[in-house]
> 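The structure under discussion is supplied below as structure tokens; questions concerning it will follow.
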Amino acid sequence: MATLKDDERLREKRAFYDSFRLLQDENDEVPDRGLQASRTALRGKKTAEQVSVAPTASATPTTGKRKRDGRSAVLPLDQQIFRGLHFYFFPNNDKNPAQRMRITKAIDYGALWVKDFDNTVTHILVDRLMDYAMLIKFLNIKTLPSSLVLVTEKWQSDCIAWKALLEPAQEHFKVSGAPTTSEKAVEAIVHAQAPTLATESDKSLELKPAAHKGGEKSDSPNASTKAILQQMADYYGQVGDEWRVRAYRKAIATLRNLNHKVSTKEEALALPNVGDLDSACAEPRDQVLQTFMQIYGVGFVQASQWVREGYTTIDELDKKAKLTPNQGIGIDHYEDFLIRKPRTEVEQHGAIVRKTLQSVNKDFVVTIGGSFRRGAATSGDIDCIVTHPHRDIKYISSTMVDKLVPHLTKSGFLTAALAVTSKDDGTKWHGASCLPGSKIWRRIDFMLVPPEQLGAAMIAFTDNDIFNRSLRLLASNKGMRLNQRGLYKGVMRGKGREKLSDGELVEGRDEKEIFEVLGVTWRPPEHRAV
DNA sequence: CGGCGGTACTG
DNA sequence: CAGTAC
DNA sequence: GCCG
């Protein structure tokens, strides 16, 4: 039943997406400073004023929150993903509006528009209605130089959506009738790293948790393959197919644990969760939908409805849409909640909570979980796992609700409550916090855990979701059940995985013990992510 | 082909 | 209950 | 997308 509904939604969504796209093609002019010779030709007149456009703050253009005149998407140099590339379009004129839009955009993003085909062309972008044979005939040549990149126009729009040069040799960018590049699967995909922009000021994006100390081989032999898989996962995330995202992430997880390079298709197929690595194609998910769904308290259903009602910016939602209190907060602090924060700041938030709690009772223990505990350099939110070695959940939660939260709210540290513990047996509190002197709100969560459940809670609130799912699934397949309270055995399940009986508690207190009972070799928190 | 973690809070 | 978050 |  869920599937049926989903299909329905998907179709619905596509329709809206399409109409939105059309709208965009007409309206979405992007003046910018990236002046290229060809632009003058393209736009004819207005040149002078374009020359001197200063780069402005480059917040998130999609939100349209700060600026009313959504027009001015100034593209700083580092956003010009096509810089240095020479595009030849087929058809190569700007007669029809859509095509003109494409060309304009390409230029806005740094490409040079080559009007007469020559050997400086690096990319040929073919209209959806054209095919390889027509192109060859038009250019009056036998074959194209292999160094040339031949892609459909979709490549361009996807690159823009992604803010990156995407691998052109993917099935969904293939021009109809074009000679196929023989390789497939792992091989084909492996050499396919997106070319990096040769920028002058190349600030290195440090992504590594930098945890490696000992003799561990720091870079995995399958790094490039994983990068591709990650790209595929991201793509499907964009496209809205969460199941495929999960599948790809599972494949990455498998590769992560290998210490030799997988280089043949056979080898890949033999691995669990890793398959042919074929790529399929779907329409990218509506950017507006995507933006709306990043609002706290807004999911697919609400976002779709707003899109259907014609909303296109968060600003409009803020002014006109009917919002729940949480969504209001989500919108007011849209940027705040999306920004990842460095470990040092996460630690400061945790320290405040810990200190306050311990001033009530010095034995309280506050552990920061989530990606922080996994060693990540930055975190999206702050997960505080709150426990007490010899008091029960009731004491813990009442202390939180009656003392800590009011106190920290009064002090100005806690700035919003988004989901609070309901009864006395409540176990979680979600809200926002703000360091003294700062104006940026952070998402902070408290997980209230009695000592006998600490191990299970640590697993649940530290490991990333894929790792969690696999552990729970593993438990399920062994006739057990894993949740944030413990590991249970003798669980009866009906059709599907429907739980018929709760089973009996095996272990909850000790993290390692849970791993052991499940037959999973222990790994420290840093190694429980995908 | 159908299934894809398991739970707690909001409205 | 559906929707959302973790 | 992979698994049973």
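Each chain gets a letter, A, B and so on, in the order the sequences are listed, and its residues count up from 1.
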> Students often get this wrong, so: under 4.0 angstrom with heavy atoms, is A/L482 touching a base, only sugar-phosphate, or nothing?
sugar-phosphate

> Specify the separation, in whole Å, of atom CZ of A/F446 and atom P of C/dC6.
14 Å

> Where do A/R249 and A/D465 land on the salt bridge (charged side-chain N to carboxylate O under 4.0 Å, His left out) test, with the steps shown first?
CA-CA 10 Å; A/R249 291 177 69 189; A/D465 67 330; 3.3 Å; yes

> Provide the distance between the two P atoms, one in B/dG5 and one in D/dG4, to the nearest whole Å.
14 Å

> Distance to the ring centre below 6.0 angstrom and angle to the axis at most 45 degrees; does that hold for A/R343 and A/F372?
yes

> By the 4.0 Å heavy-atom rule, please label A/D465 as base, sugar-phosphate, or nothing.
nothing

> Can you tell me the distance, in whole Å, between the CD1 atom of A/I466 and the C1' atom of B/dG5?
10 Å

> Check the side chains of A/R373 and A/T462 for a donor-acceptor pair under 3.5 angstrom, ignoring hydrogens and angles.
yes

> Can you measure A/L518 atom CG to B/dG6 atom C1' for me and round it to whole angstrom units?
14 Å

> Rounded to the nearest angstrom, tell me the gap between atom NZ in A/K478 and atom C1' in B/dG5.
17 Å

> Considering only B/dA8, D/dC2, B/dT10, which nucleotide approaches the side chain of A/N326 most closely?
B/dT10

> Classify A/V298 by what it touches in the nucleic acid, base, sugar-phosphate, or nothing, heavy-atom distance under 4.0 Å.
sugar-phosphate

> From the set C/dC6, D/dG1, B/dG6, return the single nucleotide nearest to any side-chain atom of A/Y236.
D/dG1

> Which one, D/dC2, C/dG3, C/dC6, comes nearest to the side chain of A/N273?
D/dC2

> I want to verify a distance call: between D/dG1, B/dT10, C/dT4, whose nearest atom is closest to the A/A419 side chain?
B/dT10

> Go through B/dA8, C/dC6, D/dC3 for me and flag the one nearest to the A/Q484 side chain.
B/dA8

> Find the distance A/I382:CD1 to C/dC6:P and express it as a whole number of Å.
12 Å

> Side chain of A/N468: nearest nucleotide among B/dG5, D/dG1, B/dC9?
B/dG5

> Take atom CD of A/Q230 and atom C1' of D/dG1, then tell me their distance rounded to the nearest Å.
14 Å

> Identify which nucleotide among C/dG3, B/dG11, B/dG6 has an atom closest to any side-chain atom of A/N483, counting heavy atoms from C-beta outward.
B/dG6

> Under 4.0 Å between any heavy atoms, over every strand shown, what does A/F461 touch: base, sugar-phosphate, or nothing? Just pick one.
nothing

> Taking only N and O in the side chain of A/R443, is any of them less than 4.0 Å away from OP1 or OP2 of C/dC6?
yes

> Which whole-number value in Å describes the distance from A/Q327 CD to C/dT4 P?
8 Å

> Distance under 6.0 Å and angle within 45° of the ring axis: does A/R528 meet both against A/W522?
yes

> What do you reckon, is NZ of A/K489 surrounded by more than 12 foreign heavy atoms closer than 6.0 Å?
no

> For A/S422 and B/dC9, is the shortest distance between a side-chain N/O and OP1 or OP2 below 4.0 Å?
yes

> With no hydrogens and no angle check, just 3.5 Å: does a side-chain donor-acceptor pair link A/Y334 and A/Q294?
yes

> Select from A/R246 and A/L418 the residue whose nearest nucleotide in DNA chain B is closer to the 5' end of that strand.
A/R246

> Can you tell me which nucleotide in D/dG1, B/dG6, B/dC9 comes closest to the side chain of A/T421?
B/dC9

> Report yes if at least one side-chain N or O of A/R485 is closer than 4.0 Å to OP1 or OP2 of B/dA8; otherwise report no.
yes

> Tell me yes or no: between the side chains of A/S379 and A/S371, is some donor less than 3.5 Å from an acceptor?
yes

> Can you see if the side chain of A/K250 gets near the phosphate of D/dC3 - specifically, an N or O under 4.0 Å from OP1 or OP2?
no

> From the set C/dC6, B/dT7, B/dC9, return the single nucleotide nearest to any side-chain atom of A/T427.
B/dC9

> Using a cut-off of 4.0 Å on non-hydrogen atoms, how would the nucleic acid contact of A/L448 be classed: base, sugar-phosphate, or nothing?
nothing

> Would you mind reading off the distance between A/I459 atom CD1 and C/dC6 atom P, rounded to a whole angstrom?
21 Å

> When the nearest nucleotide of DNA chain B is assigned to A/W429 and to A/R472 on a heavy-atom basis, which residue is associated with the more 5' position?
A/R472

> For the side chain of A/W243, counting heavy atoms from C-beta on, which of C/dC6, B/dA8, B/dC4 is nearest?
B/dC4

